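Inspection log for the structure reproduced underneath, given as structure tokens.
In what follows, every chain begins at residue 1, and chains take the letters A, B, ... in the order their sequences are listed. Keep in mind the model is a prediction, meaning the values are calculated, not measured. Note that these values count all heavy atoms, side chains included, but never hydrogens, waters or copies made by symmetry.
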Amino acid sequence: MTKDLEPRYDHAEMEERIYKLWEKSGFFNPDNLKLPRGAKPFTIMMPPNNANGLLHMGHAVGLTLQDILIRFWRMRGRKTLWLPGADHAGFETQVVFDKKLDKEGRNRFAMGREELYKEIWDFTQENKKKMYEQTKKLGASCDWSRETFTLDPKIIETVYETFEKLYKDGLVYRDLKVINWCPKHRTALSDLEVKYVEREDPLYYIKYGPLTLATVRPETKFGDTALAVNPKDKRYAKYIGKEIEAKGILGPLKFKVVGDEAVDPKFGTGVVKVTPAHDATDFEIWQRHKKEIPGPKIIIDEAGKLTGEVGEFKGLKVAEAREKIAAKMQEFGILEKVEANYKHQIATCYKCGNTLEPLPRPQWFVKMKPLAEPAMKAVKTGKVKIHPKRSEKVYWHWLKNIRDWNISRQIVWGIRIPAWFCLKCGDVKINLKVKSKWFLVRHGETDSNKNLIIDGGGEMNAPLNETGINQAKEAARSLKDLGIDLIISSDLLRAKQTAEIISKEIGAEIVFDNAFRERHWGELEGKTFEEAEGLFTNPSDWYKDENLKPDKGESWGEVENRVREAFKIHRNNHHHKNIVIISHGGTLRMLKKIIKDVTHEEIMNGPRLRNAGVIGLDIAKKCEKCGGDLYEQDPDVFDTWFSSGQWPFATLMKNPKDFKTYYPTDVMETGYDILFFWVARMVMLGLYRTGKVPFKDVYLHGLVRDKDRQKMSKSKGNVIDPLGVADTYGTDAVRMALIVGNTAGNDIVISEDKIRGYRNFATKIWNASRFILMNHKTEFLKIKPKFTAADKKHLVELKKIKTRVTKHLEKFEFHLAGEVLYHYFWHTFADKIIEQSKKRLASENAAEAAVAYAVLEEILLESLKMLHPFMPYVTEEIYQKFRPNELLMVQEW
RNA sequence: GCGCGGUUAGCUCAGUGGUAGAGCGCUUCGUUGACAUCGAAGAGGCCAGAAGUUCGAUCCUUCUACCGCGCACCA
């Protein structure tokens with residue numbers, strides 16, 4: 001019992017000091033807690049916050065609720081682990097980063113995989129650091145020694161193991177399906193990431209020979225491959241199985257009519273067109289009638305523009321094309337009528353709001369039904385309890401109707417899917433052990449490239465220009481840290497310079513091989529493409545014909561032969577080494593042709609490798625099917641939720657002792673908005689991998705809203721920054737304001753007024769304590785207090801309060817516990833008990849004063865204990881004035 | 001279409017089978033050393049509407065109205 005308290009307290013100074021004191025004590029780490037052997041653990045996995053921004057009020061709510069649980073159970077003698085972490089948040093982070101790139105006038109589609117990955121990595125690490133600082137400021141008593149990022153090797157390894165297990169069990173498969181495609185973000189999305197919005201669009205009735213059908217998407221007509229009616233529909237029974245001829249705006253059409261249950265006879269005309277490439281239902285109709293009708297005919301590309309056999313509409317965006325096509329149909333007299341304001345639901349991207357384009361793509365899917373069964377059972381039997389209870393019904397309903405989960409994402413930020421395809425036969429290998437990696441790199445840009453001048457293996461031999469040098473440097477950076485042993489380069493100047501720049505960065509030796517030179521274009525060398533045009537019948541023949549040979553130049557066939565020979569020799573000599581081959585656009589095409597064993601036409605129609613572009617080849621054991629040993633890894637990454645769905649066990653699994661002690665965890669605390677995204681998947685994957693539920697209780701908190709019930713958002717400008725108000729009013733006030741009146745599953749209303757109210761409460765606690773401390777006299781220490789009946793009554797009441805608070809906390813009724821404490825401390829203890837004791841404290845009789853004091857101190861210290869989980873800083877600070885050298889944080893509850 | 005939640009003080013929200021609570025706001029009074037970031041006193045609610053169960057309902061049941069949300073392949 002040392003100093004008096006200042007009349008006011010400086011929360012800023014205090015919070016920093018106290019947090020450091022807690023950290024220094026080591027008690028955030030359960031291994032350091034002084035507990036009897038066999039003390040029961042209590043574990044919470046902190047939901048890994050997205051490492052793409054700062055914490056907002058929603059995070060503050062979650063962290064506070066978790067910290068209350070952790071501090072409460074720690075004081076109750078449990079071996080308490082709260083493991084903090086951050087999520088790479090694949091798609092979400094990619095979206096945030098895209099915006100950043102956009103501001104800088106860049107875009108990710110023009111960046112190399114490694115380069116982009118590295119930049120986002122740095123970006124997330126920076127965010128993570130700031131986020132953890134904020135987490136500390138909010139008083140979170142988590143074990144920083146076990147901090148985990150979802151891209152830590154231990155997590156990736158575990159995720160890979162899970163994927164392999166699922167694959168072997170037949171629960172993960174790769175299949176071509178029509179998936180939700182966002183044309184803006186150029187990636188597939190899971191069904192959960194689709195937001196359906198109601199919209200009014202025209203419904204077009206189109207004549208199809210003797211039939212009429214209704215559609216809102218006339219633009220997809222070019223992709224039609226059949227018509228369908230309900231088999232029970234008497235009106236159309238006679239058409240089933242027949243071919244129908246009709247007038248189309250690009251010429252006559254001829255489609256077969258199939259009978260399928262998916263068609264609702266009551267809707268529209270009861271006839272639908274079947275567009276398997278651009279409609280999931282139609283795709284399924286096709287699958288059921290594969291033998292009778294043609295499959296997907298793609299007429300919309302990844303950017304949402306018309307492509308393929310669409311005549312004059314090629315290149316138009318879907319919305320534009322729709323109007324023009326409808327107009328054309330009108331002209332042709334095949335548009336029967338238009339219902340103007342047809343209300344329907346359209347699928348949009350939950351992030352950007354753009355209309356999704358259903359596209360057929362091969363993707364990895366998780367078969368969900370077998371995983372959902374045990375997950376439903378776990379909740380039904382009470383092994384997992386969800387608070388609020390009503391959410392169990394919602395959980396139940398979702399799992400019951402669950403569909404297979406597309407886990408492939410076409411972005412680079414994330415955990416790359418550990419699936420390799422044999423380059424020769426296409427066979428799939430999971431978790432392939434790669435022996436060595438070979439990289440094929442095109443040289444950087446030259447002025448010839450820039451000005452479209454033919455500069456092959458001839459005399460020009462242009463050097464890199466400034467852009468080219470920078471590109472080479474970029475490529476060099478992307479090849480760094482990959483353990484490259486050797487660079488094999490064409491000896492032409494542009495390749496040589498590129499090789500030297502890369503060598504300088506990665507420190508590997510260069511050997512030159514003129515077999516990797518560009519095709520010698522003979523008499524065409526030095527000419528612009530325009531000038532060269534007249535020299536062949538068709539410019540595209542330069543590429544198409546593998547035997548065509550310019551004067552004094554080489555044919556593609558000749559290039560292929562020399563490359564084949566050189567590649568074979570280098571393969572034999574260096575198969576165990578990581579190699580970079582630096583060569584030229586055309587030459588690399590030939591190399592790819594050799595590796596993939598495909599036709600000349602196919603390789604020439606394939607994508608062009610940009611300057612300094614990198615292609616990775618993985619060399620591993622021989623394929624059991626074809627004997628090839630060159631593989632290419634699936635470029636896609638996992639849906640973030642596939643990895644975060646493994647969070648409760650992936651964080652512990654690689655440390656068997658921790659896993660045994662702390663798994664299953666006790667409580668999962670998170671927002672109700674991610675019940676399906678995350679909670680349900682954690683239960684499924686947890687049960688699947690470990691045979692045990694990942695947690696026993698799920699506590700769901702609501703969305704944070706402002707005092708007018710508006711959702712907080714940056715665009716509305718009504719965001720309250722939790723750290724900002726913590727600076728102003730103190731963390732304790734913010735925490736308490738977030739708890740009182742906040743019930744499970746309901747939205748939380750927070751306003752600065754409310755926070756101010758609880759700041760006043762903190763002041764009240766401070767001043768009541770100050771008063772008590774002020775009345776302490778050293779002579780009291782010698783006096784054994786004799787409590788009066790009234791004193792005893794107060795102490796009994798205190799006990800009752802403690803029982804109530806304990807019960808509330810055990811039942812996850814944080815708001816009730818907080819209210820009871822608030823009310824008791826202010827309106828019973830301060831207003832009544834302290835007021836009544838003032839006379840006795842002032843008594844001449846030391847024994848009487850001592851008793852009065854003893855009662856107050858007892859009640860105060862017990863109250864501080866109970867308040868500590870809610871308001872950790874102010875309570876800890878005061879407690880130490882009464883009990884120096886002790887830590888309230890680890891006092892017994 | 002199915003499901004869920006809400007409707008309580010001027011505002012935002014807690015709560016309970018038997019005299020209704022918090023924060024902010026409002027009214028009046030008060031600076032005698034814990035606290036004006038306060039204290040004292042107070043105003044303010046047929047707890048959405050209707051019916052039912054009950055000795056008794058704001059709380060349980062049913063229906064209705066309005067608000068919000070989730071899920072759903074109907075072209």
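If you check every strand for non-hydrogen atoms under 4.0 Å, A280(A) touches nothing. Using a 4.0 Å heavy-atom criterion, one finds that R759(A) contacts the bases of the nucleic acid, with or without backbone contacts as well. Across all strands shown, V740(A) has no heavy atoms under 4.0 Å from either base or sugar-phosphate atoms. Within the 4.0 angstrom heavy-atom criterion, only backbone atoms of the sugar-phosphate kind lie near N746(A); the bases stay farther away. Residue-level contact check: E835(A) touches the bases, meaning some heavy atom is under 4.0 Å from a base atom. Counting any heavy atom pair closer than 4.0 Å across all strands shown, N742(A) reaches no nucleic acid atom. Within 4.0 Å (heavy atoms only), L816(A) reaches sugar-phosphate atoms of the nucleic acid but no base atom. Nucleic acid contact for T743(A): sugar-phosphate only, since backbone atoms but no base atoms lie under 4.0 Å from a heavy atom of the residue.
Remark: P of C35(B) and CG of N760(A) are 15 Å apart, rounded to the nearest angstrom. Rounded to a whole Å, the CZ atom of F825(A) is 11 Å from the C1' atom of C35(B). In this entry the distance linking NE2 of H815(A) with P of G21(B) reads 16 Å, nearest Å. With rounding to whole Å, I739(A) atom CD1 is found 13 Å from A14(B) atom C1'. For R735(A) and G23(B), the CZ to P distance is 21 Å, given to the nearest whole Å. For the pair I765(A) CD1 and U37(B) C1', the interatomic distance rounds to 13 Å; values are reported in whole Å. Rounded to whole angstrom, the span from the CD1 atom of I750(A) across to the P atom of A14(B) amounts to 13 Å. Across the protein-nucleic acid pair, E261(A) atom CD and A75(B) atom P stand 19 Å apart, rounded to whole Å.
Judged by distance alone, the side chains of K221(A) and Y208(A) do bring a donor and an acceptor atom under 3.5 Å apart. Judged by distance alone, the side chains of Y205(A) and E339(A) do bring a donor and an acceptor atom under 3.5 Å apart. For the residue pair W405(A) / D191(A), no side-chain donor-acceptor distance below 3.5 Å is found, with atom types taken as modelled.
Across G18(B) and C47(B), the matching P atoms stand 15 Å from one another, rounded to whole Å. Annotation: U16(B) and G21(B) have their P atoms spaced 13 Å apart (nearest Å). G30(B) and G23(B): their P atoms are spaced 24 Å apart (whole Å). Spacing of C1' atoms, A72(B) relative to U54(B), comes out at 41 Å, to the nearest Å. U32(B) sits 14 Å from A40(B) when the C1' atoms are compared, rounded to a whole Å. Separating the P atom of G1(B) from that of C74(B) is a span of 13 Å, rounded to the nearest Å. Going from the P atom of G15(B) to that of G42(B) covers 27 Å, rounded to whole Å. Annotation: C71(B) and G25(B) have their P atoms spaced 39 Å apart (nearest Å).
Applying the ring-ring contact (aromatic ring centres under 6.0 Å, His included) definition to pairs two or more places apart or across chains, those involving residues 269-289 of chain A are F283(A)-W286(A).
Closest contact between the side chain of V216(A) and the listed nucleotides A14(B), C4(B), A75(B) involves A75(B). With A34(B), C38(B), U12(B) as the choices, the nucleotide that has an atom nearest any side-chain atom of K838(A) turns out to be A34(B). Here the nucleotide nearest the side chain of A830(A), chosen from A34(B), C35(B), A14(B), is A34(B). For Y822(A), counting side-chain heavy atoms from C-beta on, the closest listed nucleotide (A75(B), G15(B), G23(B)) is G23(B).
Taking the centre of each ring, Y395(A) and H397(A) stay at or above the 6.0 Å mark. Taking the six-membered ring for Trp and the full ring otherwise, Y758(A) and Y729(A) have centroids separated by 6.0 Å or more.
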Margin query: For Watson-Crick and G-U wobble pairs within 3.5 Å on both distances, what is RNA chain B written in dot-bracket notation, | included for inter-strand pairing?
Written below: (((((((..((((....[..)))).(((((.......))))).....(((((..]....))))))))))))....
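For the pair G223(A) and P276(A), the tightest heavy-atom approach, listed with the atom from each and the gap, is O-CD, 4.0 Å. For the pair L213(A) and T269(A), the tightest heavy-atom approach, listed with the atom from each and the gap, is CA-OG1, 3.3 Å. In terms of heavy atoms, V740(A) sits closest to G818(A) at CG2-C, 4.4 Å. Across all their heavy atoms, L399(A) and A680(A) have their closest contact at CD2-CB, 4.4 Å.
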Distances for protein N or O near nucleotides 69-74 of chain B N or O, under 3.5 Å:
unit_1 : atom_1 : unit_2  : atom_2 : d
A72(B) : N6     : Q345(A) : NE2    : 2.1
C73(B) : OP1    : R403(A) : NH1    : 3.4
C73(B) : OP2    : R403(A) : NH2    : 3.3
C73(B) : O2     : T281(A) : OG1    : 3.3
C74(B) : O2     : D264(A) : OD2    : 3.4
C74(B) : N3     : D264(A) : OD2    : 2.5
C74(B) : N4     : D264(A) : OD2    : 3.4

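The side chain of W826(A) contributes an N or O atom lying less than 4.0 Å from OP1 or OP2 of G39(B). Distances shown here put a side-chain N or O of K393(A) below 4.0 Å from the OP1 or OP2 atom of C4(B).
Between F761(A) and W826(A), the angle of the ring planes stays under 30°, which puts this pair in the parallel group of the 30/60° scheme.
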Margin query: For Y853(A) and H776(A): C-alpha separation, side-chain torsions, deciding distance, then whether ring-ring contact (aromatic ring centres under 6.0 Å, His included) applies.
Written below: CA-CA 7 Å; Y853(A) 176 83; H776(A) 177 261; 5.0 Å; yes
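A residue-by-residue look at H827(A) and G741(A) shows that G741(A) has its nearest nucleotide of RNA chain B further toward the 5' end. Both K764(A) and G268(A) lie close to RNA chain B; mapped to their nearest nucleotides by heavy-atom distance, the more 5′-ward contact belongs to K764(A).
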